[in-house]
**Student:** 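Pasting a structure here, questions to come.
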Amino acid sequence: MTASRKYHITTFGCQMNKADSERMAGILDEMGLIWEEDPYQADVILYNTCTIRDNAEQKVYSYLGRQAKRKQTDPNLTLIVAGCVAQQEGEQLLRRVPELDLVMGPQHANRLGDLLEQVLAGSQVVATEPIHIVEDITKPRRDSTVTAWVNVIYGCNERCTYCVVPNVRGVEQSRTPEAIRAEMEELAAQGFKEVTLLGQNIDAYGRDLPGSLPDGRHKHTLTDLLYFVHDVPGIDRIRFATSHPRYFTERLIQACHELPKVCEHFHIPFQSGDNEVLKAMARGYTQEKYRRIIDKIRELMPDASISADAIVAFPGETEEQFENTLKLVADIGFDQLNTAAYSPRPGTPAALWENQLSEEVKRDRLQRLNRLVEVKAAERSQRYAGRLEEVLVEDVNPKDPSQVMGRTRGNRLTFFKGDLGELKGKTVAVKITEVRAFSLTGEPLLDRVLVAN
Ligand code: SAH
Ligand code: SF4
Ligand code: F3S
């Protein structure tokens, strides 16, 4: 019944959504559907959605509107909304877009096969009830053949006052170390070289798994997991995201320092550089603690690259408090910073507060912060000039097909002349000749392919 039908998935939002989309695509492949690049040629359209800010949510509705119109003339079209908007809106989405066939929350991603069967049998289905996430058995259809995401913990138990994630992703659910290692071994067997371990709050890994040590510590932590998976043969690089300053430990920093495959790149969102604002956000740390974490990282790994997320114009944020964020950014010097103006989200405490700031203040602060970020990132980039960097080649440079692109261990995008067929999946020593704020260009030392497989 599904044979030769064509599907398309459009993914919005974060790495968790990208990983979920790859697993859902794997399920559809397994069912005999065929990937179609052009959403307007596909018979099954799946939007994997994000609702972190209002503009992310609105974007989904505009895409959906166009497909819903198409369905009016093509009733065989199957329209699916998955991910975080699906979870947030649930049945209300059906009232808003009656043409939808299936609305499914992120916890149901691995159940897509069953749910689609119900749709094809003629039902309109909503799957948003909280469930225990089933360990998936299908092979994801991965975007890359070099780097892969591996989920280690789903959900989030924090209650940051601005954030919808706990509402839409549910409570923390860790996968077992054995399942994670088995997935990495499978990836290595398929030729993948780099793995990014994923969790919304990856430092929470293991606290929901059974077992504790005689000293009362949890038996399973992110640090222990890194030691446990580190020697998977064939995997050359390991990354992890996203770290939470509240739970980030010295033991973890020590492990990253000790374990050669773990890349010296840390993504640790700070959100604000002001202690009062951090308190109102319910983040559970101070800006001093954040600085101590970065100091400790740099003590052991002076060259480590540091990235983060920050929010400007949180309700009640004064000019002075905003300047504390600027000060933190100026002092630390991030290699990259994702910035956003605060956006009130349904079902979160801060959305109900009366001290919301105007759009004008939001725009102004965001611009000022972004200008500083660019200056600082350009400064940080300078340290690469003339240096030899290890670049794992992933793809061609989409803007110049005579070049390939890859990343340094510090996660800087790097371009150099070369042939993808020859270099894909190889780690090449590249002499950096040009530095920009967020990317580098260099010359390969091709007699120095570091890991030739
Ligand atoms: N789990 C991660 C972040 C997840 S959401 C953490 O704890 O840091 C990704 C980023 O979106 C956040 O770091 C935050 O900077 C931003 N964000 C989340 N909710 C937001 C909101 N309501 N308005 C603006 N930015 C928001
Ligand atoms: Fe959201 Fe906070 Fe959880 Fe991050 S830690 S996902 S910001 S609630
Ligand atoms: Fe967006 Fe959901 Fe990720 S809201 S940022 S896709 S967890």
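All residue numbers in this chain count up from 1 along the given sequence. Just follow the structure's listing: the first ligand is 1, and inside any ligand the first atom is 1. Since this is a predicted model, take the numbers as computed values, not measurements.
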**Student:** So is there a nitrogen or oxygen of Gln200 less than 3.5 Å from a nitrogen or oxygen in ligand 1?
**Tutor:**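 For ligand 1, there is an N or O atom that lies under 3.5 Å from one belonging to Gln200.
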**Student:** With rounding to the nearest 0.5 angstrom, report the CD1 to NE2 distance, Ile306 to His267.
**Tutor:**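 Interatomic distance, Ile306 CD1 to His267 NE2, rounded to 0.5 Å: 11.5 Å.
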**Student:** Please could you name the atoms of ligand 2 that Pro166 approaches to less than 4.0 Å, counting only its heavy atoms?
**Tutor:**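 Counting from 1, the qualifying ligand atoms are 8 (S).
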**Student:** Is Asn201 in contact with ligand 1, taking contact as a heavy-atom separation below 4.0 Å?
**Tutor:**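 Outside the 4.0 Å threshold, so no.
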**Student:** Among all protein heavy atoms in this structure, tell me which lies nearest to atom 3 (Fe) of ligand 3, with the distance rounded to 0.1 Å.
**Tutor:**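 Among all protein heavy atoms, the one nearest atom 3 (Fe) of ligand 3 is Cys14 SG, 2.3 Å.
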**Student:** Identify, for atom 15 (O) of ligand 1, the protein heavy atom at the shortest distance, and state residue, atom and that distance.
**Tutor:**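 In this structure, atom 15 (O) of ligand 1 has Gln271 OE1, 2.7 Å as its nearest protein heavy atom.
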**Student:** Does at least one non-hydrogen atom of Arg283 fall below 4.0 angstrom from an atom of ligand 2?
**Tutor:**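 Contact present.
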**Student:** Any Lys/Arg nitrogen of Glu359 or Arg363 sitting under 4.0 Å from an Asp/Glu carboxylate oxygen of the other?
**Tutor:**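 Not counted as a salt bridge, because no side-chain N and carboxylate O are separated by less than 4.0 Å.
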**Student:** Can you tell me the protein heavy atom closest to atom 4 (S) of ligand 3 and the distance?
**Tutor:**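 Result for atom 4 (S) of ligand 3: Thr51 N, 3.3 Å.
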**Student:** Out of all atoms in ligand 3, which are within 4.0 Å of some heavy atom of Cys50? Include the element for each.
**Tutor:**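 Under 4.0 Å from Cys50, ligand 3 has these atoms: 1 (Fe), 4 (S), 5 (S), 6 (S).
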**Student:** Can you sort out which atoms of ligand 1 are near Pro269, meaning under 4.0 Å from one of its heavy atoms?
**Tutor:**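 Taking each heavy atom of Pro269 in turn, ligand 1 has 8 (O) under 4.0 Å.
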**Student:** Using distance alone, with no hydrogens and no angle criterion, decide if Arg5 and Thr78 have a side-chain donor and acceptor under 3.5 Å apart.
**Tutor:**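 Thr78 and Arg5 do have a side-chain donor-acceptor pair below 3.5 Å.
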**Student:** Considering only non-hydrogen protein atoms, determine which one is nearest to atom 16 (C) of ligand 1 and report residue, atom name and distance to 0.1 Å.
**Tutor:**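 Here the closest protein heavy atom is Arg53 NH1, 3.4 Å.
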**Student:** For Leu337, run the side chain to side chain contact (heavy atoms under 4.5 Å, CB included) check against Asp309, Ile332, Val329 and tell me which one passes.
**Tutor:**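 Result: among Asp309, Ile332, Val329, Val329 is the only option passing the side chain to side chain contact (heavy atoms under 4.5 Å, CB included) with Leu337.
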**Student:** Does the residue Ala341 have a heavy-atom contact with ligand 1, meaning some pair of atoms that are separated by less than 4.0 Å?
**Tutor:**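 Yes, Ala341 has a heavy atom closer than 4.0 Å to ligand 1.
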**Student:** Determine whether Ser174 and Ile153 make a side-chain contact, defined as any pair of heavy atoms from C-beta on separated by less than 4.5 Å.
**Tutor:**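 Touching, per the 4.5 Å side-chain cut-off.
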**Student:** Which of the numbered atoms in ligand 1 are below 4.0 angstrom from a heavy atom of Ile311?
**Tutor:**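 The list of qualifying atoms is 14 (C), 15 (O), 17 (N), 25 (N), 26 (C).
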**Student:** For atom 10 (C) of ligand 1, find the nearest protein heavy atom and state the residue, atom name and distance (0.1 Å precision).
**Tutor:**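 Of every protein heavy atom, Asp309 OD2, 3.4 Å lies nearest to atom 10 (C) of ligand 1.
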**Student:** Between Tyr205 and Asp224, is there a side-chain donor-acceptor contact under 3.5 Å, judged purely by atom types and distance?
**Tutor:**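 Not at all, the side chains of Asp224 and Tyr205 share no donor-acceptor pair under 3.5 Å.
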**Student:** With a cutoff of 4.0 Å, is Arg169 in contact with ligand 3, counting heavy atoms of the residue only?
**Tutor:**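 Heavy atoms of Arg169 do come under 4.0 Å of ligand 3.
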**Student:** Output, in order, the C-alpha distance, side-chain angles, deciding distance and verdict of side-chain hydrogen bond (donor to acceptor under 3.5 Å, both in side chains) for Arg291 and Gln287.
**Tutor:** CA-CA 6 Å; Arg291 287 172 192 260; Gln287 56 98 10; 2.6 Å; yes
**Student:** Would you mind checking which non-hydrogen protein atom is closest to atom 6 (C) of ligand 1, with the distance to 0.1 Å?
**Tutor:**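 For this ligand atom, the closest protein heavy atom is Arg283 NH1, 3.9 Å.
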**Student:** So, Asn151 and Glu183: side-chain donor and acceptor under 3.5 Å apart, yes or no?
**Tutor:**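 Result is no, nothing qualifies.
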**Student:** Does Cys156 bring an N, O or S atom to within less than 2.8 Å of atom 3 (Fe) of ligand 2?
**Tutor:**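 It does: Cys156 brings an N, O or S atom closer than 2.8 Å to atom 3 (Fe) of ligand 2.
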**Student:** Does the structure place the NZ or CZ of Arg436 under 6.0 Å from the centre of the six-membered ring of Phe438, at an angle of no more than 45° from the ring's axis?
**Tutor:**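 Judged by the rule (NZ or CZ under 6.0 Å from the ring centre, within 45° of its axis), Arg436 is not positioned above Phe438.
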**Student:** I need the atoms of ligand 1 closer than 4.0 Å to a non-hydrogen atom of Tyr342, numbered in the order shown.
**Tutor:**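 Going through ligand 1 atom by atom, the ones under 4.0 Å from Tyr342 are 23 (N), 24 (C).
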**Student:** Might you confirm whether atom CD of Glu178 has over 12 heavy atoms from other residues, nucleotides or ligands at distances under 6.0 Å?
**Tutor:**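 Atom CD in Glu178 is crowded, with more than 12 foreign heavy atoms closer than 6.0 Å.
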**Student:** Short list, please: which atoms of ligand 2 are under 4.0 Å from a heavy atom of His244?
**Tutor:**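 So the answer, numbered in order with elements, is 5 (S).
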**Student:** Which of the numbered atoms in ligand 1 are under 4.0 angstrom from any heavy atom belonging to Arg345?
**Tutor:**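 What qualifies from ligand 1 is 22 (N).
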**Student:** Can you see whether Glu186 engages Gln190 through a side-chain donor-acceptor pair at a distance of less than 3.5 angstrom?
**Tutor:**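 Indeed, the side chains of Glu186 and Gln190 share at least one donor-acceptor pair under 3.5 Å.
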**Student:** Got an N, O or S from Cys160 under 2.8 Å of atom 1 (Fe) of ligand 2?
**Tutor:**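 False for Cys160.
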**Student:** Would you mind running through ligand 2 and noting each atom that sits below 4.0 Å from a heavy atom of Tyr162?
**Tutor:**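 Near Tyr162, meaning under 4.0 Å from one of its heavy atoms, ligand 2 has 7 (S).
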**Student:** Could you check which of Cys160, Ala340, Ala350, Ser343 puts a non-hydrogen atom nearest to atom 21 (C) of ligand 1?
**Tutor:**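 Among Cys160, Ala340, Ala350, Ser343, the closest heavy atom to atom 21 (C) of ligand 1 comes from Ser343.
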**Student:** Heavy atoms only: which of Val85, Val168, Asn17, Ile52 lies closest to atom 6 (S) of ligand 3?
**Tutor:**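 Ranked by closest heavy atom to atom 6 (S) of ligand 3, first place is Asn17.
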**Student:** Assess the side chains of His244 and Thr242: does a donor N or O sit below 3.5 Å from an acceptor N or O?
**Tutor:**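 No, no side-chain donor-acceptor contact under 3.5 Å.
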**Student:** Would Arg283 count as a cation-pi partner of Tyr290, with NZ or CZ less than 6.0 Å from the six-membered ring centre and within 45° of the ring normal?
**Tutor:**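 Cation-pi check for Arg283 and Tyr290: fails.
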**Student:** For atom 5 (S) of ligand 1, what's the nearest protein heavy atom and its distance?
**Tutor:**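 Residue, atom and distance for the closest contact: Ile52 CD1, 3.5 Å.
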**Student:** Give a yes/no on ligand 3: does Gln200 have at least one heavy atom closer than 4.0 angstrom to it?
**Tutor:**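 In this structure, Gln200 qualifies as a contact of ligand 3 - some heavy atom is under 4.0 Å.
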**Student:** Is a donor from one side chain sitting under 3.5 angstrom from an acceptor on the other, for Ser21 and Asn48?
**Tutor:**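 Yes, Asn48 and Ser21 have a side-chain donor paired with an acceptor closer than 3.5 Å.
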**Student:** Among all protein heavy atoms, pick the one closest to atom 2 (Fe) of ligand 3 and tell me residue, atom and distance.
**Tutor:**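 The answer is Cys84 SG, 2.2 Å.
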**Student:** If only side-chain N and O atoms count, and only distance matters, is there a donor-acceptor pair under 3.5 Å linking Arg70 with Gln67?
**Tutor:**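 Checked: Gln67/Arg70 side chains pair up, N/O donor to acceptor below 3.5 Å.
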**Student:** On the ring face of Tyr384, is Arg412 found with NZ or CZ under 6.0 Å from the centre and within 45° of the axis?
**Tutor:**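 Because its charged atom misses either the 6.0 Å distance or the 45° angle limit, Arg412 does not stack over Tyr384.
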**Student:** Students should be able to answer this: which protein heavy-atom is nearest to atom 19 (N) of ligand 1, and at what distance?
**Tutor:**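 Going by distance alone, atom 19 (N) of ligand 1 is nearest to Tyr162 CD1, 3.3 Å.
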